[in-house]
Structures are given as C-alpha cells and as structure tokens.
Amino acid sequence: MAGGYVAPVRRPLIEGHKTYHQITEDLCAPTERAPSRAWIIAFLISVSVLAFGVFCILWTIWMGTGSWNLNRTIGWGYDITNFVWWIGIGHAGTLISAILMLFRQRWRTGVNRAAEAMTIFAVICAALFPIIHVGRVWVVFYFLPYPNTRGSLWVNFNSPLLWDVFAISTYFSVSLLFWYTGLVPDFATVRNRATGLRKKIYNTLSFGWTGSAKHWQRWESLSLVLAGLSTPLVLSVHTIVSFDFATSVIPGWHTTIFPPYFVAGAIFSGFAMVQTLMVITRKILKLEEYITLEHIESMNKVILVTGTIVGVAYLTELFIAWYSGYVYEQFAFLNRATGIYWWSYFGMMTCNVISPQIFWVKKFRRSIFVTFFMSIFVNIGMWFERFVIIATTLARDYLPSSWSYYYPSWVEIGIFVGTIGLFFTLYMIFTRVAPVVAIAEVKHILKVGGDQYIGENRIQTSHSHEHPSESHSNH
C-alpha cells in the first residue's frame with residue numbers, strides 16, 4: 001500500500017501500470033536500440049545547420065566583425081540579442097531541477113533531466129556570442145584576471161560585462177555538476193545492462209556506483225546541496241545579465257525593474273523551450289507514459305504566470321516613462337511602439353503577453369498541438385523582446401544625425417542559425433547516450449504517482465495481497 005495522502009483529483013504522473021522493471025526497460029531502450037529514421041534525419045539536419053554556423057563564425061574571424069552590419073550607433077546587434085536569448089532559455093533547467101526539487105514537486109521528474117541538459121547546451125550556445133563579439137577571439141582569455149609574465153592582469157571590475165563572465169561561468173559549472181550528479185545512478189543502470197566496451201565506458205561514467213545505502217545517502221545529500229546553490233544562481237545570473245543594460249545611462253535601459261523583469265522573462269522562455277523539446281522527445285522516443293499531459297499542463301501553468309508577470313513589467317515600464325516626465329525616456333518607449341521597429345514591438349507584445357492567456361482554458365493547457373505551437377510562439381516573442389531592448393533603443397540616440405536602421409547581415413543570421421544547430425546536435429547526442437527521463441527519480445515516485453496507485457485503483461492496490469500475481473508485478 002502506498003503511503004501518504006493523495007488527492008482524489010490528482011492525475012497520475014506515470015501511466016501504463018508500470019513495474020520497476022518496465023520503467024528500466026522503457027527508459028534505457030533509446031540508449032540501447034539502433035537510432036530510428038526520425039532521429040537520423042533530425043540529427044543530419046542539425047549537423048548541417050551547425051556546419052553552416054561554423055562557416056559563418058570562421059568567416060567572421062577571417063573578415064572581422066566588419067562583415068556584420070553593426071555601426072557607430074548600434075554597436076550591439078544580433079550578437080548580444082542572441083546571447084541574452086540563449087541565457088534566458090538556459091534558466092528553466094535549473095529552475096525545474098533545483099527550486100521544484102526543494103519544494104518537493106513530483107511532476108518535475110518527467111522533465112527535469114532533459115531540462116537540465118537543455119541548460120548546459122543553451123549556455124554553451126550563449127557563450128559563443130561574447131567571444132565572437134570581441135573581434136579578436138585569440139585574446140579572449142583577457143576576459144579573466146589571471147597571473148601572467150607581465151604581472152597580474154586586472155580587468156575592469158566595475159563593468160557588468162565582467163560580472164557576466166563570473167556569473168555565467170559559475171552558473172554553468174554548478175548546473176553541469178547538478179546534471180551529472182543526477183545521471184550517475186542511471187549510468188549505473190545502463191552499465192548493468194551493457195556488455196564489452198560499452199559496459200566499461202558506463203562504469204567509468206557512473207564512478208563505480210553500486211546502489212548501496214551509503215551511495216544513495218551521499219547522492220541525496222549532494223543533490224540537495226547543489227539544489228541549494230543553484231536556486232540563488234537562477235535568480236542572480238539573469239539579474240546580472242540585465243545589469244549590462246540597467247547600469248548604463250541610456251534612456252530605456254536605465255531602470256530598476258530590469259532584474260526581476262529579465263528573470264521572469266528567462267523562466268518564461270526557458271519553459272517554452274522545454275515544452276518544445278518535450279513534445280518532440282515524447283513522440284520520437286515513445287515516452288508518452290512518462291512525459292504525460294499532467295507534466296505539460298503543469299509547465300503551461302508556469303508559462304501563463306511568468307507571461308503575465310512579463311506583461312506587467314512591460315506596462316510598468318510604460319507607466320514609469322510617462323510618470324517620470326523625462327522627455328528622452330518617453331521618446332525611447334514611444335519610438336519602440338511607433339518608430340521604424342514597430343513590428344518587433346507589437347510582435348513582442350502579441351507573443352509574450354496576449355497569446356499565453358490562452359492557457360487560462362484547461363482544454364488548451366492539455367492540448368499537445370496548442371502547447372507545441374505556443375512554445376515556439378513564446379520563444380519568437382522573447383527573441384523580439386531582446387531585439388527591441390537592444391536595437392530599437394540604440395537606433396535613435398541623442399543625435400538625429402547619427403540615427404540609423406539596423407538589419408543583420410547574412411553572416412550574423414548564419415551564426416544565430418548555427419547555434420540552433422549546435423543546440424539540437426548536442427541534444428540529439430544526449431538522447432542516445434543517457435536516459436532522457438531520470439530512471440531513479442521516476443521509480444521513487446511510482447508508488448504515489450503511478451496510475452495503479454491513484455484514485456479507485458489505489459483502494460484495489462491496498463488489498464493486493466489477495467492477488468499474488470498483481471502484488472508480484474507491482475513490487
């Protein structure tokens with residue numbers, strides 16, 4: 001009999017009346033069987049797009065950033081827009097893993113592994129842009145203060161761009177450690193089913209995990225410590241990214257609402273990308289019984305809440321600009337809505353504020369098609385938001401003689417598309433070498449989240465001693 005009270009209205013998180021052995025079989029299968037045709041096609045497309053992106057990066061290094069359409073007025077364009085966009089996407093993984101783990105939210109178990117992987121890959125994509133933006137990529141090590149033959153190199157600690165380096169590198173390190181810690185028991189499970197060289201590789205990856213009580217105790221303690229470290233990082237990283245703008249004196253940027261506004265937007269776009277990946281993954285890898293409509297609905301609720309917070313932030317910005325009486329601040333926001341970039345402003349408002357309100361309707365929250373469509377729509381909107389903040393604000397400065405209209409060159413577009421190829425290439429490889437859904441954590445909630453233990457079936461299961469075959473299958 002499963003312990004603890006389960007609300008009668010709560011739907012199961014694991015469907016199909018699974019046993020522990022069936023969970024192992026289902027979740028290890030994608031790493032053991034030959035890749036499907038759909039996987040091969042998706043992988044080839046991702047690698048092709050990545051190859052074009054690499055070509056564009058090499059073109060930039062060879063020709064210089066003059067191959068981009070940046071100018072005196074707009075010194076930040078596609079590169080910083082995409083940097084902030086990718087950092088935002090990387091937030092949902094740690095949020096799902098850390099904060100929801102600390103709050104003991106069971107629905108995270110179906111999606112946390114893929115979301116954590118998404119964080120790692122998104123931060124890798126984001127890190128490319130500041131490196132390339134420097135122009136001379138071969139001296140990028142000057143980003144960090146380090147002892148050298150010419151005496152200690154002291155970078156400008158007053159610059160929020162340097163704060164970015166420390167915040168993002170710390171975030172990446174902790175997220176990587178958190179992700180890998182969760183993988184260790186599952187690597188051991190795959191190892192126990194493997195043979196030959198594959199068994200040796202997974203034995204190395206699992207650090208000789210035996211599943212003893214001591215190992216589980218240390219694993220849970222480390223997971224909690226890393227969750228505690230990750231939680232403030234979720235809030236601090238995008239806060240510090242927002243300081244790139246908020247600590248300047250440029251009208252439209254110099255505002256105190258940026259830190260919470262950027263964090264809410266990051267969670268908003270991150271959850272949308274998780275939804276995109278989950279809908280595709282559950283279909284291709286046949287994981288519908290583990291990534292259920294319950295998981296999708298729960299994430300849609302978070303998207304609805306964070307989208308509404310972002311909408312309030314937009315309205316607050318407009319109000320403060322009007323209330324300040326500062327003509328330059330008022331012009332910056334008026335120009336966003338009615339200037340030459342009006343299309344990006346209204347695209348941002350439509351995608352980020354209006355469209356998520358569809359999730360007030362339960363039918364749409366539980367619709368796969370609507371979820372997939374909206375997840376892409378939201379990320380387009382969040383990209384527009386970053387573009388509006390950066391390009392629109394810079395395009396019209398104090399000197400009308402220097403006003404200009406920015407549009408990206410083919411090289412800039414190619415680099416951005418290439419990072420999308422890099423992201424999906426890494427994700428496709430990940431689905432082949434590690435279980436996409438955390439085996440150990442799904443088994444942990446089986447007795448309170450499996451459909452054979454929910455609702456009417458719960459009463460029957462409590463008397464399973466009368467049915468030895470059922471009792472044997474469940475334990």
For a 4.5 angstrom cut-off between non-hydrogen side-chain atoms, does [X] reach [Y]?
| X | Y | result |
| --- | --- | --- |
| Glu317 | Ile257 | yes |
| Val370 | Arg365 | no |
| Phe384 | Thr350 | no |
| Ile320 | Thr255 | no |
| Phe243 | Pro259 | yes |
| Phe424 | Leu277 | yes |
| Phe268 | Ile303 | yes |

Under the 3.5 angstrom rule, does the side chain of [X] hit a backbone N or O of [Y] as a donor-acceptor pair?
| X | Y | answer |
| --- | --- | --- |
| Ser36 | Trp39 | yes |
| Gln275 | Met299 | no |
| Trp219 | Thr181 | yes |
| Ser175 | Phe172 | no |
| Asp186 | Ala440 | yes |
| Arg113 | Pro435 | yes |
| Ser367 | Phe364 | no |
| Thr392 | Arg336 | no |
| Ser324 | Ala321 | yes |
| Glu385 | Gly381 | no |

Ring geometry between [Y] and [X] (parallel below 30°, tilted from 30 to 60°, perpendicular above 60°):
| X | Y | value |
| --- | --- | --- |
| Phe121 | Phe423 | perpendicular |
| Tyr323 | Phe319 | parallel |
| His133 | Trp76 | perpendicular |

[atom1]/[X] to [atom2]/[Y] distance, rounded to the nearest 0.5 angstrom?
| X | Y | atom1 | atom2 | answer |
| --- | --- | --- | --- | --- |
| Asn82 | Ile390 | CG | CD1 | 8.5 Å |
| Phe359 | Met374 | CZ | CE | 5.0 Å |
| Glu412 | Cys56 | CD | SG | 10.5 Å |
| Thr306 | Ile267 | OG1 | CD1 | 7.0 Å |
| Thr431 | Leu426 | OG1 | CG | 11.0 Å |
| Asn352 | Ile309 | CG | CD1 | 13.0 Å |

Could you tell me which non-hydrogen atom of [X] sits nearest to which non-hydrogen atom of [Y], and how far apart they are?
| X | Y | result |
| --- | --- | --- |
| Arg432 | Pro35 | NH2-CD, 3.6 Å |
| Thr425 | Val47 | OG1-N, 3.6 Å |
| Val184 | Leu205 | CG2-O, 4.4 Å |
| Val174 | Leu226 | CG1-O, 4.3 Å |
| His238 | Val84 | CE1-O, 3.6 Å |
| Val241 | Ile168 | CG2-CD1, 4.4 Å |

Taking [atom1] in [X] as the centre, count heavy atoms belonging to other residues, nucleotides or ligands within less than 6.0 Å. Is the count above 12?
| X | atom1 | answer |
| --- | --- | --- |
| Tyr326 | OH | yes |
| Trp163 | CH2 | yes |
| Arg37 | CZ | no |
| Phe373 | CZ | no |

(request) Establish, yes or no, whether a centroid distance under 6.0 Å links the rings of Tyr314 and Tyr261. (result) yes
(message) Taking the six-membered ring for Trp, are Tyr405 and Tyr341 closer than 6.0 Å centroid to centroid?
(response) yes
No-hydrogen, no-angle side-chain donor-acceptor test under 3.5 Å, [X] and [Y]:
| X | Y | value |
| --- | --- | --- |
| Trp85 | Ser269 | no |
| His295 | Thr292 | yes |
| Tyr171 | Ser236 | no |
| Trp179 | Thr119 | no |

(message) Can you tell me which residue among Trp383, Trp410, Tyr407 is in a ring pair (Phe, Tyr, Trp, His ring centres under 6.0 Å) with Tyr78?
(response) Trp383
